[in-house]
2 protein chains.
Amino acid sequence: METDGRRGGRVTLATVADALGVSRATVSNAYNHPERLSAALRDRVLGTARELGYAGPHPLAATLSRGRVNALGLIYEDPMSFAFSDPAAVLFLQGVSEVCEDEDLALVLISGGPAGAVARVALVDAVICYCDVPIDGRLAAIVDRGLPFVVVDGPRLPNAGHVGIDDRRGAASAARHLLDLGHTRLGVIAMPLVDDGWEGTADRDRQDRARYRASRERLIGYREAVEAAAQDWSAVAVEERVPYGRDAGRRAAAALLARDPAPTALLAMSDELALGALAAAADAGLSVPGDVSVVGFDDVPGAADAHPALTTVRQPHREKGRRAAELLLRPTATADEHRLPVELVVRASSGPPPHR
Amino acid sequence: METDGRRGGRVTLATVADALGVSRATVSNAYNHPERLSAALRDRVLGTARELGYAGPHPLAATLSRGRVNALGLIYEDPMSFAFSDPAAVLFLQGVSEVCEDEDLALVLISGGPAGAVARVALVDAVICYCDVPIDGRLAAIVDRGLPFVVVDGPRLPNAGHVGIDDRRGAASAARHLLDLGHTRLGVIAMPLVDDGWEGTADRDRQDRARYRASRERLIGYREAVEAAAQDWSAVAVEERVPYGRDAGRRAAAALLARDPAPTALLAMSDELALGALAAAADAGLSVPGDVSVVGFDDVPGAADAHPALTTVRQPHREKGRRAAELLLRPTATADEHRLPVELVVRASSGPPPHR
DNA sequence: CCTCCCGTTTGAACCGGTTTAGTATCTCCC
DNA sequence: GGGAGATACTAAACCGGTTCAAACGGGAGG
C-alpha cells in the first residue's frame with residue numbers, strides 16, 4: 001500500500017485513496033468506471049475528493065497512461081496569426097472547429113516558426129496541415145513523431161490523407177467564362193509565386209516555379225482555357241505583387257490597366273486580390289464590368305457584398321475544414337483523398353467587353 | 001539498470017539508453033542539457049537515436065514531469081465555431097495568437113458545450129476566457145483545476161486577471177455624438193439581452209437584466225448620455241432580435257424605422273447590427289445619413305468599407321487579445337486589470353437630422 | 001456442506017520521461 | 001603524494017495517473 005498520499009501538499013488521487021484507506025485503483029475507477037464500484041463506495045470516494053479539494057484526475061497523467069490527448073492540431077502555412085486575416089482561412093478554421101465541437105476535442109493551433117519548435121512538442125493526437133509547403137520544419141516534426149496527419153490544399157504526401165479542390169478546373173472555368181463573354185485581352189493578378197519578394201510580370205518560367213501547388217494549378221487552368229480558345233497565353237500578363245493582400249491586388253490591377261492596350265478582363269487568383277482590383281478600377285475611373293471585368297477565386301463572404309458583387313469561383317472552405325478533421329477521426333483505408341467541388345458563381349463584376 | 005528498452009516495439013528513451021548501455025538520465029540530458037554531456041557521448045546518443053528512429057522525448061511524458069505544457073487555452077462564450085463568424089472575435093484571436101507565436105506556445109481552442117467536458121481535460125497552462133458568462137461549466141472546470149485565467153470583457157472575478165474596455169463610456173460617446181448633431185429621436189438596436197429567444201422592444205426591466213456585462217454597460221452609457229442631454233430615455237425604443245447577427249440588425253432597424261414618428265438616428269450595439277441597419281435603411285428607400293443616421297460599436301474591418309462608411313466606436317480587439325495573453329505569461333501582482341481605450345470614429349453614416 | 005460464480009476491490013506493472021543527489025574519475029596544485 | 005575541485009555519468013525517486021490479472025467475499029445452486 002502506498003503511504004504518500006500528500007506529497008508537497010498537492011492533492012492527488014493518492015491523497016484521496018489514503019484518506020479513505022482504499023487503493024488508488026478504486027479512486028481512479030470512481031471517476032472513469034463508476035459502474036465498477038458499489039454505489040456506496042463511489043459516493044464516499046467522490047465526497048471525500050470534494051472535501052479534500054481534489055478536482056479529479058490530472059488530465060496530463062491520465063493522458064500519458066491512455067496515450068490519447070483528445071486534441072487535433074492545426075498547422076498553417078504562414079505565421080498562425082496570418083490565418084485570422086484571411087477570410088478563407090477563417091472559414092476553414094470554422095469548419096474544423098465545428099467537428100472538434102461535435103467530438104469534444106480541443107483544437108490546437110500550432111504556431112511557431114518553420115523550425116517547428118512548437119510542432120515538436122504540441123500535445124495532439126493528429127494534425128491538419130493547412131499548407132502547401134512540401135517540407136517545412138513543422139511538418140517534419142509531425143512526421144518524425146509519427147502522428148497521423150492530413151494535408152489540405154497542398155501536395156499529396158505518403159501516409160497522409162488529403163483534402164483539396166480541383167484548382168485547375170476552377171481556374172479554367174473562370175477564364176472560360178470571360179472568353180465566352182468575348183474577351184480577348186486578359187490579365188492575371190497573381191499571388192506571390194516564389195518566395196523572393198519579387199514584383200513584376202511573371203514569365204512562363206517563373207509561373208512554372210510557383211511554390212504553391214494551388215498557384216501552379218490555377219495558372220495552368222487559366223492557360224489551358226486560353227489555349228483551348230485558340231488564344232495566345234504568352235500575351236496574357238501575369239502580374240505579381242507582394243505581400244499578399246488586397247493592396248497587392250490593387251497595385252497589380254493598376255499596372256495591368258495602365259497597359260496599352262489594356263486588358264478588358266482581369267483574372268484574380270483570389271477574392272482578396274480581386275477586391276483590390278475593384279478598388280484599382282475605381283481609382284482609374286473605370287466602371288466594372290462596363291470597362292473591365294473582374295473575376296476572383298474563393299467566394300469569401302465579402303465577395304457577394306462587394307460593389308459590384310464579385311463573380312468568382314466558389315470553393316467550400318468550411319467543408320474542407322470539416323472533411324480534414326473527419327478524415328483524421330475516421331480514417332478510411334479506401335478513400336483518404338477528398339476532392340471537393342468548385343463552382344463558378346456569376347455575379348455583377350463580369351460582362352461582355354466594351355465595344356471598341 | 002533498466003532492461004526493458006523495447007517494450008511493445010515502441011522506441012522510447014529507454015530503448016536508446018539500453019542500446020548504448022547508458023542510463024536513461026544520460027539520454028534525457030543529451031536532449032535537454034547537452035552541455036552536461038561530453039561531446040563524444042552526446043553525439044553517440046543522438047546518432048543512435050536517429051538510427052533507432054527515436055524522435056526525441058515524448059512531449060506528454062516530458063510535460064508530466066515538468067508540469068508545464070507550453071500552451072494557452074481559450075474559452076469562447078458560444079460554441080467555439082461561432083467565434084469565427086464574428087469579425088471582432090477573429091481579431092481578438094489574432095492578437096492572442098501573435099503572442100503565442102512570439103512565445104512559442106500552442107493556442108488551444110477549448111470547445112465543447114457549457115458542460116465543460118473539454119475544459120476539464122484540456123492540456124493547457126492557463127486560460128483566456130473570452131466570455132461574459134459569470135459561471136459556466138467550462139469556467140468552473142478551469143477554476144476547479146486551479147489554472148490561472150483571465151477574463152476578457154466579462155465580470156471581474158477573484159484570483160483572475162481582467163482585460164476589457166470602458167463599454168459605458170464608449171456607448172455614451174456614440175450617443176452624445178448623435179445628440180450633439182441635433183438628433184432628438186433615437187432608437188437602439190440591441191443584441192440579445194436575455195437568453196430566452198424573445199424579440200421585441202425591451203423595457204427598462206429587461207434592459208437591467210441583460211446577461212452580458214458589455215450589453216448592460218453599453219445600454220447604461222446610451223442612457224446616461226440621453227439623460228445628460230435632458231432627454232427622456234423611456235422614449236428611446238430598444239429593439240431586440242434573435243439570433244445575433246446582421247439579419248437581426250436589419251429586422252430591428254426595419255421595426256424602428258416603421259415607427260411614427262420614426263427615429264432620425266439609430267444606435268447599434270455592434271457593427272454587425274449596424275451593417276444590418278444600413279441594409280434596412282436601403283430596403284426602406286432611406287438615405288444614410290440624410291434620412292437617418294447609424295452609429296455602430298466595435299470598428300470591425302468591414303465598418304470602414306460599408307456604404308456609407310460606418311461611424312462607430314473603435315475598440316482595440318487585437319490589443320485585447322495580446323494583453324490577455326501577456327497577462328497570463330507575465331502576471332503582475334500590481335496591475336491585473338487592463339482597461340483599454342475606446343474612441344469614437346466619425347465616418348459617413350452619421351450627420352444632422354433631416355429638416356422637418 | 002461444497003462449488004461455482006459474480007460483483008467488488010486491490011496490488012503491481014506501466015505510461016515515458018525529468019531531476020536530484022550522489023559516485024567515480026580526472027585534473028590541478030602545493 | 002594527497003586533498004580540493006571539476007567533470008561525466010548514474011541510480012533511484014518522482015510526475016499522477018490507468019489498467020489488468022488476481023484476490024476476496026458472499027450468495028445461489030447442487
Side-chain angles (χ1 to χ4, degrees), chain A residues 1-18 20-45 49 52-70 120-121 123 125 145-146, chain B residues 1-18 20-45 49 52-70 120-121 123 125 145-146:
Chain A
M1 164 140 357
E2 287 273 358
T3 61
D4 61 340
R6 308 194 126 273
R7 22 195 166 194
R10 220 180 136 53
V11 180
T12 73
L13 179 142
T15 318
V16 179
D18 289 359
L20 281 153
V22 301
S23 79
R24 295 183 299 154
T26 299
V27 179
S28 175
N29 280 331
Y31 287 92
N32 302 306
H33 304 282
E35 77 288 355
R36 290 190 194 161
L37 257 54
S38 62
L41 181 54
R42 186 196 328 132
D43 292 349
R44 223 151 50 87
V45 170
L52 263 40
Y54 179 64
H58 186 121
L60 215 50
T63 279
L64 177 58
S65 300
R66 295 215 182 91
R68 208 190 136 163
V69 181
N70 283 314
R120 210 160 281 286
V121 302
L123 270 22
D125 299 312
R145 287 175 60 186
Chain B
M1 163 141 353
E2 288 274 358
T3 60
D4 61 342
R6 310 194 124 271
R7 21 195 167 194
R10 219 181 138 52
V11 180
T12 73
L13 179 143
T15 318
V16 179
D18 289 0
L20 281 153
V22 301
S23 78
R24 296 183 298 153
T26 299
V27 180
S28 174
N29 279 332
Y31 287 94
N32 302 306
H33 304 280
E35 78 287 355
R36 290 190 195 161
L37 256 53
S38 64
L41 181 55
R42 187 197 326 132
D43 291 348
R44 220 149 53 86
V45 170
L52 263 39
Y54 178 64
H58 186 120
L60 215 50
T63 279
L64 178 58
S65 301
R66 294 214 182 91
R68 213 191 133 163
V69 183
N70 284 316
R120 210 160 282 285
V121 302
L123 269 22
D125 297 313
R145 288 174 59 186

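The basis for the numbers below is simple: all heavy atoms, side chains too, and nothing from hydrogens, waters or symmetry mates. Labels below follow one simple rule: chain letters A, B, ... track the order of the sequence lines, proteins then strands, and each chain is numbered from 1.
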Original post:
At what distance, to the nearest 0.5 angstrom, does CG of B:Leu52 lie from OG1 of B:Thr15?
Top reply: 6.5 Å
Original post:
For the helix from C:dC1-D:dG30 to C:dC30-D:dG1, what angle lies between the axis at the first five pairs and the axis at the last five pairs, to 10 degrees?
Top reply: 50°
Original post:
Can you tell which of C:dG17, D:dT18, D:dG16 lies closest to the side chain of B:Tyr54?
Top reply: C:dG17
Original post:
Between the base of D:dG16 and the side chain of A:Thr12, is there a donor-acceptor distance below 3.5 Å?
Top reply: no
Original post:
In chain order, what residues pass the side chain to side chain donor-acceptor pair (under 3.5 Å) check against B:Ser65, with sequence neighbours excluded?
Top reply: none
Original post:
B:Val121: what forms a side-chain contact (heavy atoms from CB on, under 4.5 Å) with it, not counting sequence neighbours?
Top reply: A:Pro59
Original post:
By side chain to side chain donor-acceptor pair (under 3.5 Å), which residues pair with A:Asn70, not counting sequence neighbours?
Top reply: A:Arg68
**OP:** Report the residues that fulfil side-chain contact (heavy atoms from CB on, under 4.5 Å) with A:Ser28, sequence neighbours left out, ordered by chain and then residue number.
**Re:** A:Leu13, A:Asn32
**OP:** Side chain of B:Leu64 only, please: which of D:dC15, D:dT19, C:dT18 is the nearest?
**Re:** D:dC15
**OP:** Please report, rounded to the nearest Å, how far the P atom of C:dC14 is from the NE2 atom of B:His58.
**Re:** 18 Å
Original post:
A:Ala61: what forms a side-chain contact (heavy atoms from CB on, under 4.5 Å) with it, not counting sequence neighbours?
Top reply: A:His58, B:Leu64
Original post:
Between C:dC14 atom C1' and B:Leu60 atom CG, what is the distance in whole Å?
Top reply: 14 Å
Subject >> Residues that A:Ala55 engages under side-chain contact (heavy atoms from CB on, under 4.5 Å), provided they are two or more places apart >> reply: B:Asp144
Original post:
Rounded to the nearest Å, what distance is computed from the CZ atom of residue A:Arg24 to the P atom of nucleotide D:dC14?
Top reply: 12 Å
**OP:** In whole angstrom, give the distance that lies between atom CG of A:Asn32 and atom C1' of D:dG16.
**Re:** 12 Å
Subject >> side chain to side chain donor-acceptor pair (under 3.5 Å) partners of A:Arg36, counting only residues at least two apart >> reply: none
Original post:
Which letter, B, S or -, goes with each nucleotide of nucleotides 4-10 of chain C from 5' to 3', with contact meaning a protein heavy atom under 4.0 Å?
Top reply: ----SBB
